[in-house]
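Numbers restart at 1 for each chain; the letters A, B, ... are given by sequence-line order, proteins then strands.
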Protein chains: 2
Amino acid sequence: MANRPKLSTVAAAAGVSTATVSQVLRGTGRISAQTRDRVLAAARQVNYLPDGRAAALRSGENREIGLVLHHLANPFNAEVVSGVSDRLERAGHLVSVLDSRDDAEREGRNLRALIASMRGGLIWVPASGTDPATLDLLVAQRLPVVTFLHRVAERFDHVGLRNAAALGRAVDHLVELGHRRIAFLGGTTPRAPRAERIAGYASALAAHGLGAPQVFPCEDSKPGGLSAMLKLRETHPEVTAVVCNGDMVALGACLGLGRRAETPGREVSVIGFDDVADAALATPALTTLSIAPYSLGQHLAERLLARLSDRAAAPVHQELDASLILRDTTAPPLPR
Amino acid sequence: MANRPKLSTVAAAAGVSTATVSQVLRGTGRISAQTRDRVLAAARQVNYLPDGRAAALRSGENREIGLVLHHLANPFNAEVVSGVSDRLERAGHLVSVLDSRDDAEREGRNLRALIASMRGGLIWVPASGTDPATLDLLVAQRLPVVTFLHRVAERFDHVGLRNAAALGRAVDHLVELGHRRIAFLGGTTPRAPRAERIAGYASALAAHGLGAPQVFPCEDSKPGGLSAMLKLRETHPEVTAVVCNGDMVALGACLGLGRRAETPGREVSVIGFDDVADAALATPALTTLSIAPYSLGQHLAERLLARLSDRAAAPVHQELDASLILRDTTAPPLPR
DNA sequence: CGGCCAAGGTATAACGTTGTATCTGATGTC
DNA sequence: GACATCAGATACAACGTTATACCTTGGCCG
């Protein structure tokens, strides 16, 4: 029951010094072809794999990137993850994902642990209510950080969405179709993206001279959207269209209509946000605000790579547009 | 622009030695209350956070667990992840997730990187076609490993499913309802779980004296299931029921029926496998073989914890049952 | 008042790697 | 044959921690 093979194990097996082994494995220094072959053979034979933390400690390099999400279960995020990892892996990095599941305390633990294990960089979708002490900690470690969706600090790079404008487009579309009673569905926390979306929704209503905004909070998930829609139909039958805080809520709302033997795009028009894969697949297919999660993930990765290669540059803040994808859940309201 | 604070930064700030700081932070040794307070204050003031890799290197401890999945985008896996992390976090570990997206090469990279960064343990859902060299490496590092679903080596702990028996139950149910032409839908690779499921399906058919098995491979996703079902209805209209390699395929198949203005549980009965959250939510709700992903995740975590506390014990192999959950996509076949 | 002890702190050697400075022969040159 | 040259290898220090052995100092007892 030998122990984990280390550099000295390989050195002994090949009959050279540890320095030589290190040089061979890293391809540095001047080593003759035959010793190199001997060393490589020995390394393979004992199944050697370097201890990355010792190597990183000594060399100061770190090719591991942390990706902290507020909610991994949402397929939108899963697609973002794919984009991020594809791009970063292509650049020779390794991405590991931590899910804080919208719990600030868990998020704090995750972030602290990431810093402790000295990841080389961080892509972060902050949960609501991030602890400011954690933020200070993060800043003090001078870790390259890109936040996404929810901006928490000026000095981190950030990629956000033009939420208000997007919601404006959604409301405009519904008004053009003839809707006058439009509600907003989804979300429970005061996170910035939701607040911006609600603001965009409200000001679009105002621009069209429609009544006061009606916001119905619910959990950002299918069950959340489902029960919110059921309740909405009971209590506010005059509402003929809803815009949602996310596709999960929107798809849930569509399911809710189905439960009542109603059809999205008939009794109630529904617009989502995210354009998850299921949006196009659902029947009826979901009209939604698209932000192309996969390429968005790649974009995030690019930002982090840029930051890694120039750590002194000023923080970059970007805002992306979401475009309205017309599908089958929006149509003129039924005549009364 | 100071650098990352380290032990010596804190020591200087508090006017003590690094050894003292370390002892205070770890709560070991004999330190007076007042120096302790001074050190803690200094640590907070400079936003100190220990370099985990140096600490781990020195102490040999490692509380980080790697979770390597073959396919994170599948919500079933996302739910397993939740269960795993909840349990392991409760035990003071940190879980980071790597997605190999069914690519053996990517999986190999992920595993090597995990070993290199010296995770304390590994929970692994192997992709198909894992490189045997990678396996050797894994074994040589004497890393505690629990595999799930797909067993790749005798010497790792393993949690699997009684796939064949489960499929037997599904076929029995369909036969009881009166179906005679039952197809198997889903999967493309020769991974063990699928092979076992097909075997269980085939032998159940045989036990009932029904015809030869009909297996229709497709990608394990909603689009995969959708197009497979469309094709099946074209080419094999005599089939009145399908059992699927997973809920994603099954839900996709249901969508496919919807596209043809047909209804799951009428023209064709459908049974899934996994019981993802969407299965109960879909309309009609999906009959499926349930393995309760969240508690399964917790179970995997328990196994790993047991292994961590006794690394010498013989490998444990477990097999769990999947129970048939009757919902609305199964019913007697339509009379001809 | 010498000696002993405990409390409180520090010096130092690891952990496994890498980078640099250094050593050792062999070869070539005049 | 003396000396520079250079390829090829090695010794050694360092990375930021932690564990251990070791120092101080003051108090107390005989």
Expressed as a whole number of angstroms, how long is the span from [X]:[atom1] to [N]:[atom2]?
X	N	atom1	atom2	answer
A/L57	D/dT18	CG	C1'	13 Å
B/R4	D/dT17	CZ	C1'	12 Å
B/K6	D/dT17	NZ	P	8 Å

Is there a side-chain contact between [X] and the phosphate of [N], meaning an N or O under 4.0 Å from OP1 or OP2?
X	N	value
B/Y48	D/dG16	no
A/T20	D/dT10	yes
A/S17	D/dA9	no

| said: For a 4.5 angstrom cut-off between non-hydrogen side-chain atoms, does A/H93 reach A/R87? | reply: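 Not touching, per the 4.5 Å side-chain cut-off.
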| Under a 4.5 Å cut-off applied to non-hydrogen side-chain atoms, are A/L67 and A/V125 in contact? |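 Side chain of A/L67 against side chain of A/V125, heavy atoms only: no contact under 4.5 Å found.
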| said: Need the bend value for the helix from C/dC1-D/dG30 to C/dC30-D/dG1: angle between end axes, 5 pairs each end, nearest 10°. | reply: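 Taking the rotation axis at each end, their angle is 70°.
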| task | With side-chain contact (heavy atoms from CB on, under 4.5 Å) as the test, would you mind laying out the steps for B/D86 and B/Y294 before giving the verdict? | result | CA-CA 9 Å; B/D86 275 351; B/Y294 180 84; 2.5 Å; yes
| said: Just verifying a value: how many Å separate A/R191 CZ and A/S128 OG, rounded to the nearest 0.5 Å? | reply: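 These two atoms lie 6.5 Å from each other.
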| message | Under a 4.0 Å threshold between the charged nitrogen and the carboxylate oxygen, would B/R101 count as salt-bridged to B/D103? | response |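 No.
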| message | Could you check whether A/R151 pairs with A/D157 (Lys NZ or Arg NE/NH1/NH2 to Asp/Glu carboxylate O, under 4.0 Å)? | response |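 Not counted as a salt bridge, because no side-chain N and carboxylate O are separated by less than 4.0 Å.
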| message | Within the 4.0 Å heavy-atom criterion, would you say B/A19 contacts the bases, only the backbone, or no part of the nucleic acid? | response |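 Touches a base.
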| request: Before giving the answer on side-chain hydrogen bond (donor to acceptor under 3.5 Å, both in side chains), spell out for B/H158 and B/T147 the whole-Å C-alpha distance, their side-chain angles and the decisive distance to 0.1 Å. | output: CA-CA 5 Å; B/H158 179 75; B/T147 55; 2.7 Å; yes
Please table the atom pairs, donor to acceptor, closer than 3.5 Å between any side-chain atom in residues 35-42 of chain A and protein atoms at least two apart or in another chain.
| unit_1 | atom_1 | unit_2 | atom_2 | d |
| --- | --- | --- | --- | --- |
| A/T35 | OG1 | A/S32 | O | 3.1 |
| A/T35 | OG1 | A/S32 | OG | 2.8 |
| A/R38 | NE | A/A14 | O | 3.1 |
| A/R38 | NH2 | A/A14 | O | 3.2 |

| field | Sorted by number, the residues of residues 23-43 of chain A with heavy-atom contact under 4.0 Å to DNA chain C | value |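 The answer is A/R26.
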| query | Could one point to a donor on the side chain of A/R58 or the base of C/dT17 with an acceptor on the other under 3.5 Å away? | reply |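 Such a pair does not exist between side chain and base.
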